[in-house]
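Take a look at the structure below.
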Amino acid sequence: FVCIVGIGEIETIFAQSTSRQNVNLEEVKVQTSVPVTKSTKSKVFVKLEGVEDRAIRNALLSSIELRAIRKKNDSTQAQIRRLYQRAPKQITSALEPFGYYQATVAPSLTLRRTQYRAVFNVGLGPRTILSSVDYVIQGSAELDKTVAAAWRKSSLKPNAFLDHGQYEIAKSEVQRALMGRGYLDAELIENRIEIQRSKSTARVVLKWESGERYTISATEFSGAQFSP
């Protein structure tokens, strides 16, 4: 669950997973003068403009519900219009995990015979940069070199671009290192991203309580078939 909470100019994202729910996102107003035709069934063609990066482009296309019916010949015009109106918000929400919090979408919808053509021109805007990264390990693992090495591999560095995917990877790698080193009671006690939209900056906070390290004590075998 991810929640965005307004705190003055700063919004805090509590990220416990990769799934996201957006709160207080500005509604995107969509206007179209396309008339309703006598035909009740139509097809739709969807085009996305303004995004070159393949990974981001694929994520945006996957987020547009309207594309799911593009190969159907029996979609109603009401259904197409309803999904078209949702698309700008879906696009801007899908851009946020890549650090684009000020994106804009200029939509247009035209109709020729029974085929709609929906075009979404995306303005990415500035990409959010990490102003600071607070990484803390409390407990016995504070000086553990293996755990520290797992963190150093992370791309979460000041002045790097914010990427929610990399944020999740960093959390997983550190947690895996803690478990692998025997800190079985390790707990992530703080994890959040603080966004300041007006400056396009973000602060990452990750804090673990490692607890004590577990070790294997003396091992004894009994009932062996052969004598030592």
- [ ] Decide side-chain contact (heavy atoms from CB on, under 4.5 Å) for H164 and I193; before the verdict, give the C-alpha distance in whole Å, the side-chain angles of both, and the deciding distance to 0.1 Å.
- [x] CA-CA 9 Å; H164 289 214; I193 303 173; 4.3 Å; yes

Task: Chi angles and distances behind the side-chain hydrogen bond (donor to acceptor under 3.5 Å, both in side chains) call for S63, Q90 - done: CA-CA 6 Å; S63 73; Q90 292 167 352; 5.5 Å; no

Open item on the list: Membership question, hydrophobic clusters at under 4.5 Å side-chain separation (ILVMFWY): are L188 and L156 in the same one?
Closed with: yes

- [ ] Flag the pair R57 and E52 as a salt bridge only when some basic side-chain nitrogen lies within less than 4.0 angstrom of an acidic carboxylate oxygen.
- [x] no

TODO: Measure the shortest side-chain to side-chain distance between Q85 and I80 over non-hydrogen atoms and say whether it is less than 4.5 angstrom.
DONE: no

TODO: Would you check if S200 and R127 make a side-chain contact, meaning some heavy-atom pair closer than 4.5 Å?
DONE: no

Open item on the list: Would the distance check show the side chain of S154 and the main-chain N or O of A150 forming a donor-acceptor pair, the cut-off being under 3.5 Å?
Closed with: no

- [ ] Can you measure from NZ (K157) to CZ (R152) and round to the nearest 0.5 angstrom?
- [x] 9.5 Å

Task: Donor-acceptor contact present, side-chain R213 to main-chain L178, <3.5 Å - done: no

Open item on the list: If only side-chain N and O atoms count, and only distance matters, is there a donor-acceptor pair under 3.5 Å linking E212 with Y183?
Closed with: no

Task: Q115 side chain reached by R112 side chain, heavy atoms, under 4.5 Å - done: no

Open item on the list: Under the criterion side-chain contact (heavy atoms from CB on, under 4.5 Å), I'd like the reasoning laid out for L83 against I64: C-alpha separation, chi angles, the key distance, then a yes or no.
Closed with: CA-CA 8 Å; L83 295 179; I64 302 173; over 6 Å; no

TODO: Could you walk me through whether F161 and L130 pass side-chain contact (heavy atoms from CB on, under 4.5 Å), step by step?
DONE: CA-CA 6 Å; F161 289 125; L130 296 177; over 6 Å; no

Task: Partner of F120 under side-chain contact (heavy atoms from CB on, under 4.5 Å), chosen from L109, L60, I91 - done: I91

Open item on the list: Run the side chain to side chain contact (heavy atoms under 4.5 Å, CB included) test against V119 and tell me which residues pass, sequence neighbours left out.
Closed with: K47, E49, S108, R117

Task: Over all atoms of both residues, closest heavy-atom pair of L66 and A118 - done: CD2-CB, 3.7 Å

Open item on the list: D163 vs F98, test: side-chain contact (heavy atoms from CB on, under 4.5 Å). Steps then yes/no.
Closed with: CA-CA 5 Å; D163 186 306; F98 296 97; 4.3 Å; yes

Open item on the list: According to ring pair (Phe, Tyr, Trp, His ring centres under 6.0 Å), who are the partners of Y135, at least two apart in sequence or on a separate chain?
Closed with: W151

Open item on the list: So, applying side-chain hydrogen bond (donor to acceptor under 3.5 Å, both in side chains) with W208, which one of Q138, Q175, E190 is it?
Closed with: Q175

Task: Y116 vs K43 side-chain heavy atoms within contact, under 4.5 Å - done: no

Open item on the list: Is there a side-chain contact between V174 and V147 in this structure, where contact means two heavy atoms from C-beta onward sitting under 4.5 Å apart?
Closed with: yes

- [ ] Kindly give the heavy-atom pair with the smallest separation between R70 and R67, and that separation in Å.
- [x] NH1-O, 2.8 Å

Open item on the list: Working to the nearest 0.5 angstrom, can you tell me the gap between E65 CD and R82 CZ?
Closed with: 9.5 Å

Open item on the list: Would you say Y100 ends up clustered with I129 if hydrophobic residues are merged whenever their side chains have heavy atoms under 4.5 Å apart, either directly or through other cluster members?
Closed with: no

Open item on the list: With rounding to the nearest 0.5 angstrom, report the OG to OH distance, S155 to Y167.
Closed with: 13.0 Å

Open item on the list: Would a single hydrophobic cluster contain both I69 and L48, if residues Ile, Leu, Val, Met, Phe, Trp and Tyr are joined by side-chain heavy-atom contacts under 4.5 Å?
Closed with: yes

Open item on the list: Would you compute the distance between atom CG of L162 and atom OG1 of T201 and round it to the nearest 0.5 angstrom?
Closed with: 10.0 Å

- [ ] Assess whether atom NZ of K145 is packed by more than 12 heavy atoms of other residues, nucleotides or ligands within 6.0 Å.
- [x] no

Task: Lys/Arg N to Asp/Glu carboxylate O, D134 vs R203, below 4.0 Å - done: yes

TODO: Rounded to the nearest 0.5 Å, what's the gap from CZ on R181 to CZ on R176? Could you check?
DONE: 16.0 Å

Open item on the list: If you compare all heavy atoms of P97 against all heavy atoms of A94, which two are closest, and at what distance to 0.1 Å?
Closed with: CD-O, 3.3 Å

TODO: Please examine the side chains of T104 and V122, heavy atoms only from C-beta on, and report whether any two atoms are closer than 4.5 Å.
DONE: no

- [ ] May I ask you to decide whether E194 forms a salt bridge with R192, counting only side-chain N to carboxylate O separations under 4.0 Å?
- [x] yes

Task: Sub-4.5 Å side-chain heavy-atom contact between V46 and Y84 - done: no

Open item on the list: Quick one about E142 and S210 (side-chain donor to acceptor, distance below 3.5 Å, no hydrogens or angles considered), yes or no?
Closed with: no

Task: Heavy-atom check, side chain of P88 versus side chain of P107, under 4.5 Å - done: yes

Task: I137 CD1 to E209 CD distance, which is reported to the nearest 0.5 Å - done: 9.5 Å

Open item on the list: For the backbone of Y101 and the side chain of R197, can you confirm whether one donor and one acceptor N or O come within less than 3.5 Å of each other?
Closed with: yes

